[in-house]
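Heads up, the thing below is written out as structure tokens.
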Amino acid sequence: MPELPEVEIIRGQLERELLGARIAACEVALTRLVTHPTPLGYRRGLKGRAIVSVGRRGKYLLFALDGKRELVVHLGMTGSLILSSRGGARPRHTHIVFHLEDGRDLLYVDPRTFGETALLRRGDRRPMRGLDRMGPEPLEDGFTCECLASALRGTCRVKSALLDQSRVAGIGNIYSDEALHRAGVSPLRRLDTLSPTEIERIHSAVREVLREAISGGGSSVSDYVNLRGERGAFQDDHRVYRREGEPCPACGTSIRREVISGRSSYFCPKCQK
DNA sequence: ATAGGCCTGACG
DNA sequence: CGTCAGGCCTAT
């Protein structure tokens, strides 16, 4: 569900609300979602730990805890984190509850249960392979055009490459389509046919659309809500995503849908070559 | 590179 | 009923 912008919004809210808070206890109703260590070790390891910082890597949330531990949360397709007061309503599909010492609860809610959470020793991310192999952060200052060019080596379709978290972190199905439309590049293009100019355009487009999405509160296509349970507004600014048959906002041509790497892809056949 | 699987829910 | 869904892993 959430891609980089949505996770970044939640991260900022978590940081503002939870810095210094201490976890009193943790309830795990669906143990499948805890992938490291064992669910028991997870609960025991979290008990009494204070939150020192809240970070993000790609689509992963990273809570640095005292005692040299790191709590990692990936929201999968439909996961959300909701902050509620003690005894507040438990939404349907609440699978994990982090009870804080100040009486608030942090709820992990996830209907499709594609998410994952783990408790790691700080500095050792090997138990989470996706996190361990994460590509560069596209919004960092160091993410230059040359960085993107080297991430886009090979021969696969550019859309598949942008979805590959080991090439670039945090981009999913929505923002890959939106970025490629802004860049005027077809999602079907092979990497080895992209000119330096096109790579520059993709570079700017990716950073631009991710920043705008964060400002717009993220995309709530179906499930996404922030820490306070509020929906985003950026779905209204999508130019192609899930707009098959609608006119391209740039040229009026009908938006086309095609399946690439098993994912629906939306693009303008005229603007995107 | 592609299909299938993991799950539940919304919609036609 | 079938189709589709913001992610990611595995097996072919």
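Basis for what follows: all heavy atoms, side chains included, without hydrogens, waters or symmetry-related copies. In the text below, chain A, chain B and the rest are named by the order of the sequence lines, each starting its count at 1.
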Would you say [N] has OP1 or OP2 under 4.0 Å from some side-chain N or O of [X]?
{"X": "A/His74", "N": "C/dC8", "result": "yes"}
{"X": "A/Arg112", "N": "B/dC6", "result": "no"}
{"X": "A/Arg32", "N": "B/dC7", "result": "yes"}
{"X": "A/His93", "N": "B/dG9", "result": "yes"}
{"X": "A/Ser261", "N": "B/dA1", "result": "no"}
{"X": "A/Tyr224", "N": "C/dG7", "result": "no"}
{"X": "A/Arg242", "N": "B/dA10", "result": "no"}

Sugar-phosphate, base or nothing in reach of [X], heavy atoms under 4.0 Å:
{"X": "A/Gln165", "answer": "sugar-phosphate"}
{"X": "A/Gly262", "answer": "nothing"}
{"X": "A/Tyr241", "answer": "sugar-phosphate"}

The side chain of [X] is closest to which nucleotide in this list: [options]?
{"X": "A/Arg157", "options": "C/dA5, C/dG7, B/dT2", "result": "B/dT2"}
{"X": "A/Arg129", "options": "C/dA5, C/dT10, B/dT2", "result": "C/dT10"}
{"X": "A/Arg92", "options": "C/dC4, B/dG9, C/dG7", "result": "B/dG9"}

Quickly work out the [X] [atom1] to [N] [atom2] distance and round it to whole Å.
{"X": "A/Glu116", "N": "B/dC6", "atom1": "CD", "atom2": "C1'", "result": "12 Å"}
{"X": "A/Met134", "N": "C/dC9", "atom1": "CE", "atom2": "C1'", "result": "14 Å"}
{"X": "A/Tyr60", "N": "C/dC9", "atom1": "OH", "atom2": "C1'", "result": "10 Å"}
{"X": "A/Leu4", "N": "C/dC8", "atom1": "CG", "atom2": "P", "result": "11 Å"}
{"X": "A/Asp110", "N": "C/dC8", "atom1": "CG", "atom2": "P", "result": "13 Å"}
{"X": "A/Lys159", "N": "B/dT2", "atom1": "NZ", "atom2": "P", "result": "13 Å"}
{"X": "A/Asp223", "N": "C/dA5", "atom1": "CG", "atom2": "P", "result": "14 Å"}
{"X": "A/Leu131", "N": "C/dC8", "atom1": "CG", "atom2": "P", "result": "11 Å"}

Should B/dC6 form a Watson-Crick or G-U wobble pair with both distances under 3.5 Å, which nucleotide is its partner?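 Answer to the pairing question: C/dG7, which forms a Watson-Crick or G-U pair with B/dC6.
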
Taking atom P in both B/dA3 and C/dT3, compute the distance separating them and give it to the nearest angstrom.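 15 Å, rounded to whole Å.
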
Rounding to an integer number of angstrom, what distance separates C/dG2 and B/dG5 when you compare their P atoms?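 One P to the other, the span is 15 Å.
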
Answer with yes or no whether the side chains of [Y] and [X] bring together a donor and an acceptor at under 3.5 Å.
{"X": "A/His238", "Y": "A/Ser219", "result": "yes"}
{"X": "A/Lys273", "Y": "A/Ser186", "result": "no"}
{"X": "A/Tyr175", "Y": "A/Glu6", "result": "yes"}

Locate the shortest heavy-atom distance separating A/His181 from A/Cys268; write the atom from each residue and the value.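 So the two residues come closest at CD2-CB, 4.0 Å.
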
Answer yes or no as to whether C/dC8 has its base stacked against A/Phe114, where stacking requires a ring-centre separation under 5.5 angstrom and planes under 30 degrees apart.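 No; by the centre-distance and plane-angle rule, A/Phe114 does not count as stacking on C/dC8.
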
Would A/His203 and A/Phe143 count as a close aromatic pair, with their ring centres under 6.0 Å?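 Yes: the rings meet the under 6.0 Å criterion.
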
Between A/Glu198 and A/Arg189, does at least one N-O distance fall below 4.0 Å, as a salt bridge requires?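 Here A/Glu198 pairs with A/Arg189 in a salt bridge, since their nearest N and O are under 4.0 Å apart.
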
